[in-house]
Amino acid sequence: MTLAALTKPWAATSYGFLDASAKRELRRKMLKAIAVPGCQMPYASREVPMARGWGTGGLQVTLTLVNPQSTIKVIDQGADDGVNAASIRRFISRVSGAAETWDTLDASIVQSRHRVPEETMREDQILVLQVPNPEPLRGVEPNMSIARQMHADADYGRLWLTLYEQLVRKGRIMQGAAYPSLVNGRHVMTPSPIPRWDVPKLNMARHLTFLSAGREKRLHAVPPFTRVEPLVFSDRPYRVEDHADLVCRRSGIAGYFMNEIPQDSGGSVFEVSDSNLGIKAIRRAEGEAVEIGATWYENGEYSA
Amino acid sequence: MAYVATRGGEKAIEQAERLFRQDLGTIDAARVEAIRQSMPYLVDRVMGEASLYDEDMAALALAQTGGELSEAVLVLRAWRTTQPRLAVAAPLLQEDLLTVRRISAAFKDIPGGQILGPTLDYSHRVLATDVLEGKPYNPPSVDPAATAAPMRQPSLADWQRQQGLVAPANDSTVAPDDIPDLTREPLLFPASRAHRLQSLARAETGGVLALGYAAMRGYGNAHPTVNELRLAEAEVMVRHPSGTEFSAGRVRVCQAEVTSKEKGGFLELGFAASFGWNEVKVIAAATLDLNSAEAPVGSPVHEEFYLSHTESVEASGFCIHFKLPHYVTFQSVLDAMRDAKAKAAAAKANQDVAVERQTEPAE
Amino acid sequence: MLTVAPPDAAEARCNATFEALMWSMARPGDVRELPEAGLTSIVEALIDRECVAYADSPDLSRQIADTGAVLGDPATADHLFLDRLEGASDALAGIRCGSALYPDDGATLVAQVAHGSGQRLRLTGPGIDGARDMALALPAEFWAMREQLCAYPEGFDLLLVDGRSVIGIPRSTQIEVL
């Protein structure tokens with residue numbers, strides 16, 4: 001072994017930004033995450049040129065996967081041109097040479113904050129979800145070491161109790177986004193703060209999902225054809241947001257997750273949250289030949 | 001395409017960044033050099049929190065972020081993380097440090113002597129406003145001591161160990177090359193001591209001060225006495241693949257040892273060290289280390305609490321991430337809240353009906 | 001728009017290798033193509049000085065040592081690279097299976113195994129739509145040993161290589177010997 005064997009010609013930035021050893025660590029952890037679906041795997045989580053909490057976990061996974069043949073879609077709140085989505089997509093493309101797209105159908109990797117696209121993802125696609133807090137037990141147990149022991153013991157009693165208390169006090173489970181879900185019948189995970197609308201899309205899906213929290217240094221995965229079951233009581237079925245009948249004011253499409261836009265006159269109008277689905281619907285209505293893929297929801301109803 | 005035109009995120013972020021950079025103006029080597037020369041303690045702080053010892057890079061980071069400290073640390077760490085690790089330096093021994101300042105509050109005098117070195121501790125903190133009136137401040141020169149202080153100083157804790165005041169040091173069974181590296185593996189709890197001290201070494205100065213101060217004020221059970229505080233330069237000794245050991249250069253380092261009450265017949269020691277000269281940080285950090293052993297879970301002096309919350313890049317990043325849109329999660333919460341309200345209203349209506357029925361005359 | 005140097009051969013190879021390994025683990029039983037035959041590209045993509053690895057061949061042991069990884073025995077290694085599984089049962093009896101607290105401490109066992117011959121198996125579990133039948137030439141006693149060691153989520157994960165083909169069998173897969 002020589003020093004020269006350990007080095008390489010100087011370059012300001014490695015391909016894909018992360019250096020080889022960071023990528024190898026992520027590869028090892030991503031394989032383990034697939035092997036134990038829904039189980040949080042600790043990783044070193046290198047710094048990247050973005051602030052923690054801004055998608056650095058998702059970014060590290062994407063940078064490990066990406067190659068010049070990849071096509072990248074990045075969304076924030078469902079929108080491709082949200083400021084942070086634009087920033088992340090531009091960075092990935094600059095350090096990898098991957099193509100950029102807004103179209104879910106064209107993407108090989110979809111990195112997302114808070115949404116799963118409405119068009120059904122295929123078996124060759126990877127969804128990378130940015131995760132602010134990977135620990136579904138944080139609300140009942142802020143101490144990480146104790147929470148980890150609870151996962152080890154499959155001790156989810158306190159989580160169930162919280163949900164039960166909400167039912168008793170409020171008449172329903174009040175959990176908004178990030179609905180805790182049991183994966184492969186063993187580990188409770190947070191699906192990241194996606195709305196309840198999106199959680200069924202992870203259950204027995206065709207695509208592979210990675211969920212990565214850079215700041216908290218944990219990643220977990222949901223492989224294809226893996227059970228993801230929201231925690232519910234058998235006599236109180238899981239309920240997604242009541243958006244089935246809302247109509248997008250711009251594209252006219254209905255039956256998808258919507259953004260509510262308050263109006264000066266009082267009341268609200270709605271816009272479809274998956275912004276590129278809305279754009280495609282508008283273009284199609286204007287007579288363009290635009291392909292819109294099958295969607296997980298049809299007429300506001302989830303259809304597996 | 002009106003749908004797109006109302007957003008335009010990519011142009012907006014580019015222009016926003018331009019606005020920030022335009023305000024800072026041209027950054028050239030002279031500006032970087034001026035920062036490095038005139039702000040050594042600021043450069044030290046950034047190098048410590050970034051865990052990268054490179055004064056030029058740290059000064060550059062300060063220049064291009066306009067001194068926004070958390071941004072400077074982030075940009076330096078992001079550069080650091082891409083660099084290959086070629087070698088592992090030999091551990092430093094206190095008695096090998098080229099010490100310029102070394103004091104103890106535990107004894108009036110100590111073997112090797114108290115050496116004040118460079119400090120503002122006993123200065124009067126008066127602004128030199130004359131400078132703004134066009135009268136430059138020229139520091140008076142230092143009168144050399146009759147005999148120069150020795151370059152190297154013994155460890156006070158070693159003397160205390162010989163006296164039986166401090167427990168014998170545990171001989172580490174970990175090979176120097178295998179000391180766990182926080183930048184390559186996640187921090188898990190309970191943390192190894194190496195990880196705890198590394199995490200404190202790169203912790204955010206203000207955060208460590210806040211929690212260390214909390215410990216000093218009574219949220220910890222140990223009131224620190226500074227056993228030994230050192231500012232020094234250290235040789236970075238590495239081994240060439242051929243086997244020879246050589247110094248790759250010198251770095252400024254600081255360390256603090258604090259002690260408190262007796263435990264098991266010995267004085268307990270808390271320790272912290274960092275790149276650069278940053279006394280307040282290492283004293284506060286050593287105090288946290290000292291308090292860790294018996295800290296209740298969830299208290300500010302428990303290691304999971306203080307290590308998680310003094311990580312500069314994580315804390316600042318998460319704080320500013322709340323500026324990002326959260327309207328999807330908010331929508332989800334609104335949906336649950338409206339439904340719960342509707343349910344409550346319906347339940348109340350039912351109850352009212354039931355009450356009305358009861359008041360009807362029984363027939 | 002690429003603003004850094006394009007991937008060099010090693011980077012491209014490691015990326016392609018990992019893609020094959022990832023999909024093979026995500027879809028147990030699917031055959032994926034490695035950029036090169038054998039185990040060397042897997043060592044290159046996964047192993048470095050943070051690892052403890054074991055190999056049963058001198059060539060691979062040398063390659064592992066050159067990455068800076070610690071050469072361990074089968075009981076301490078986080079990655080094991082075996083040219084032959086025959087006769088390895090005793091060595092594998094102590095393979096790392098992690099703990100319920102840290103399932104990721106379970107080892108990855110990479111082995112050269114002929115695909116499409118040997119015992120008929122039925123695979124079920126995550127990544128598999130229903131069930132999947134296939135033949136793999138592993139020693140007869142292997143699956144009983146795996147069953148005994150893997151108390152999910154504890155366990156070890158398998159990457160079975162035949163030439164350039166790789167099949168992944170994570171610990172989450174249930175195996176029925178037909």
Side-chain angles (χ1 to χ4, degrees), chain A residues 1 5-6 8-9 11-17 20-21 23-37 39 41-44 64-68 90 93-98 100 123-124 126 148-149 151-154 183-184 186-187 204 206 208 221-227, chain C residues 1-8 10-12 14-19 21-28 30 44-51 65-68 78-79 98-106 108 125-130 152-159 168-173:
Chain A
M1 169 74 57
L6 287 167
K8 54 176 183 163
T13 308
S14 305
Y15 176 81
F17 183 80
S21 89
K23 285 180 192 154
R24 277 192 293 263
E25 195 222 2
L26 274 153
R27 290 181 195 126
R28 295 192 295 267
K29 290 297 184 177
M30 286 158 73
L31 291 181
K32 291 299 165 197
I34 293 169
V36 190
C39 178
M41 301 302 179
Y43 69 107
T64 302
L65 293 169
V66 73
N67 61 52
R90 191 177 57 171
S93 135
R94 283 186 178 181
V95 298
S96 73
E100 301 179 35
E123 62 273 7
D124 59 329
I126 301 170
R148 181 153 281 267
Q149 185 65 53
H151 284 291
D153 299 338
V183 184
N184 190 31
R186 175 59 181 81
H187 285 96
M204 300 305 274
R206 297 190 170 276
L208 166 63
V222 179
F225 298 110
T226 299
R227 282 177 293 134
Chain C
M1 181 187 62
L2 186 66
T3 57
V4 303
D8 59 19
E11 167 72 36
C14 286
N15 183 278
T17 301
F18 175 65
E19 186 158 337
L21 301 182
M22 175 187 74
W23 285 119
S24 74
M25 277 289 186
R27 291 210 173 74
D30 257 25
E44 185 184 29
L46 298 181
I47 303 302
D48 57 27
R49 59 174 298 143
E50 323 298 330
C51 300
D66 279 352
T67 68
D78 44 54
H79 290 78
S99 61
L101 218 47
Y102 292 103
D104 48 317
D105 286 342
T108 304
I128 302 163
D129 187 10
Y152 189 84
E154 293 163 51
F156 61 91
D157 309 303
L158 283 165
L159 290 164
I169 301 186
R171 69 192 78 177
S172 58
T173 304

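Lettering follows sequence order; numbering is per chain, from 1. Side chains included, hydrogens not; waters and symmetry mates left out as well; all remaining heavy atoms used.
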Give, as side chain, backbone, both or neither, the part of [X] having an atom under 4.5 angstrom from any heavy atom of chain C.
X	value
Val66(A)	backbone
Arg148(A)	both
Pro68(A)	side chain

task: Would you mind telling me which of Ala100(C), Ser172(C), Pro170(C), Pro126(C) has the largest number of heavy-atom pairs within less than 4.5 Å of chain A?
output: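 Most heavy-atom pairs within the cutoff with chain A belong to Pro126(C).
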Rounded to the nearest 0.5 Å, how far apart are [atom1] of [X] and [atom2] of [Y]?
X	Y	atom1	atom2	result
Lys23(A)	Leu46(C)	NZ	CG	14.0 Å
Leu31(A)	Leu21(C)	CG	CG	6.0 Å
Asn15(C)	Asn67(A)	CG	CG	4.5 Å
Glu11(C)	Ser14(A)	CD	OG	8.0 Å

Sort [X] into side chain, backbone, both or neither according to what part of it lies under 4.5 angstrom from a heavy atom of chain A.
X	answer
Ile128(C)	backbone
Pro28(C)	neither
Glu44(C)	backbone
Thr108(C)	both
Ile169(C)	neither

side-chain contact (heavy atoms from CB on, under 4.5 Å) against Ala5(C), all qualifying residues, sequence neighbours excluded: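 Here no residue qualifies.
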task: Could I get the full list of side-chain contact (heavy atoms from CB on, under 4.5 Å) partners for Asp48(C), not counting sequence neighbours?
output: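 Scan of Asp48(C) (side-chain contact (heavy atoms from CB on, under 4.5 Å), adjacent residues dropped) gives Ser21(A), Arg24(A), Arg28(A), Glu50(C), Cys51(C).
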task: Kindly indicate, with the supporting measurements, whether the criterion side chain to side chain contact (heavy atoms under 4.5 Å, CB included) is fulfilled by Phe18(C) and Met30(A).
output: CA-CA 10 Å; Phe18(C) 175 65; Met30(A) 286 158 73; 3.7 Å; yes
field: Within-4.5 Å side-chain heavy-atom neighbours: Pro224(A) and Arg27(C)
entry: yes
If you tally heavy-atom pairs under 4.5 Å against chain C, which of [options] wins?
options	value
Lys32(A), Met204(A), Glu123(A)	Lys32(A)
Val222(A), Leu208(A), Val183(A)	Leu208(A)
Leu26(A), Thr64(A), Asp124(A)	Asp124(A)

